[in-house]
Amino acid sequence: MLRAFLCLFYYECLSRFRYLHEWLYPFGFFLVVMMLFPLALTPDPHVLQQYVAGFFWISALLANFLSINHIFAADDEDGHLEQSLLSTLPFTLIIIAKLCSHWLFATAPLILITPIASLFFHLQSDALIPLICALLLGTPIFILIGSLCMALTQGLKQQGALLGIMMFILLIPVLIFGITIVQKAEAHLPILGEFAFFAGITVFAITLLPSVIAHTLRLSIDD
Amino acid sequence: MLRLLSGLATPASGDVYWQNTSIYRNAQSDYTKHMHYLSHANGLKLGLSVRQNLFLFKLLVCYEMPPEILDEKINACLVQFKLKQDTHTLVQNLSAGQKRRLALLKCFLFPKPLWILDEPLTSLDKETQALFHLALVEHLQKGGIAILSLHEAITLPNVKILEISPC
């Protein structure tokens, strides 16, 4: 089973790598949105420092929304999703491989660029590690809940607005936790409690959501 | 209807039986491991090459075979379907006919008793249609079942014609 998962993961990564819009566009979008905030508000570093946590999380959320839109679309179009459904391997395994490769390509670059971006926003160095860890815990939840919303609306013709509404409302708790962690870290308050709870949410999501997504996709493709 | 038979769509009423068991009774993979399904869409991953697609499909059908024999078989099939020169081309760069040939090739490479094919002969030239015809006859002679939807008539040896009345 593990070998099958690794092979699937490898082929998913290979096919994602060939399309720029899988990894370059969300990354570029993240940077552009981040740059818009100081332009729209004020370049004053003291003001920016107060809100930098929010900027990071909102940009990550929007970049994720951009990339999650076509997580199943390409495979649905060329019939590969149907073949995966009919395969002897468990469909949940195939979905997990797809989600892992999506995380690697769409979200890992954002986390890698965070240290550099934090310099531009004068984020305190104490808060950098908590920010990266919180993003590491939070971005899988973004992807899992985003995929669930995509799986629910897979068969529909007009999915954009409905998808956005569903996703953003479900991800508000993650956003609040993530921003609180960074703000508390900046104020040098203890953050272990929030981290533990946040990690708990992530583990809960990772355990349950892949099979839910697989089942929902099966229902969406069924006519 | 082909989607219903393959288990992708669930019927409002009625049942589908394979070897005297309803396909909805046990896990779906117990039924689908005996089956090849081909729809209008080719079921290929566009971002991968021809060879990688075949290996991915081998993974999906859990087909175990020693690598050397598999390689030989793949090469033989690719030559037969005139795809040998495109072994490492990305599927998105193939023509419609080549994609269809690749999708059909998968059926012949991994033998399964049941074939459910939706218009398998679209975008194929006369030569490839003849090849498919030969492979279909061979499959039927080995005791396989094939459910096809076609726009042109084909002749098969020892065939019984059933007329399904509209209900």
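Chain letters run A, B, ... following the sequence lines, proteins first and then strands; every chain starts at 1.
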Minimum side-chain heavy-atom gap A:Gln83-B:Val61 below 4.5 Å: no
Spacing of B:Ser49 atom OG and A:Leu14 atom CG [to the nearest 0.5 Å]: 8.0 Å
Distance in Å, B:Leu59 CG paired with A:Tyr10 OH, rounded so as to fall on 0.5 Å steps: 12.5 Å
Crowding at CD, B:Glu127 (>12 non-hydrogen neighbours, <6.0 Å): no
Exercise: identify the closest heavy-atom pair between A:Glu82 and B:Tyr37: OE1-CE2, 3.7 Å
Residue part contacting chain A, namely of B:Leu44, when any heavy atom lies under 4.5 Å: backbone
Heavy atoms of other groups near B:His34 NE2, more than 12 under 6.0 Å: yes
Under 4.5 Å from a heavy atom of chain A, the part of B:Phe55 involved: both
N/O donor-acceptor pair under 3.5 Å between B:Gln52 side chain and A:Ser15 backbone: no
Heavy-atom side-chain contact between B:Asn42 and A:His80 under 4.5 Å: no
Nearest non-hydrogen partners of B:Leu56 and A:Tyr11, listed with the distance: CD1-CD1, 3.7 Å
Flag if over 12 foreign heavy atoms under 6.0 Å of CZ, A:Phe9: yes
Those residues that, when tested against A:Thr180, pass side chain to side chain donor-acceptor pair (under 3.5 Å) (two or more places apart): none
Among the listed options A:Leu89, A:Thr88, A:Leu8, the residue most often paired with chain B at heavy-atom distances under 4.5 Å: A:Thr88
Toward chain B: residues of residues 90-118 of chain A with heavy atoms under 4.5 Å: A:Ile94, A:Lys98
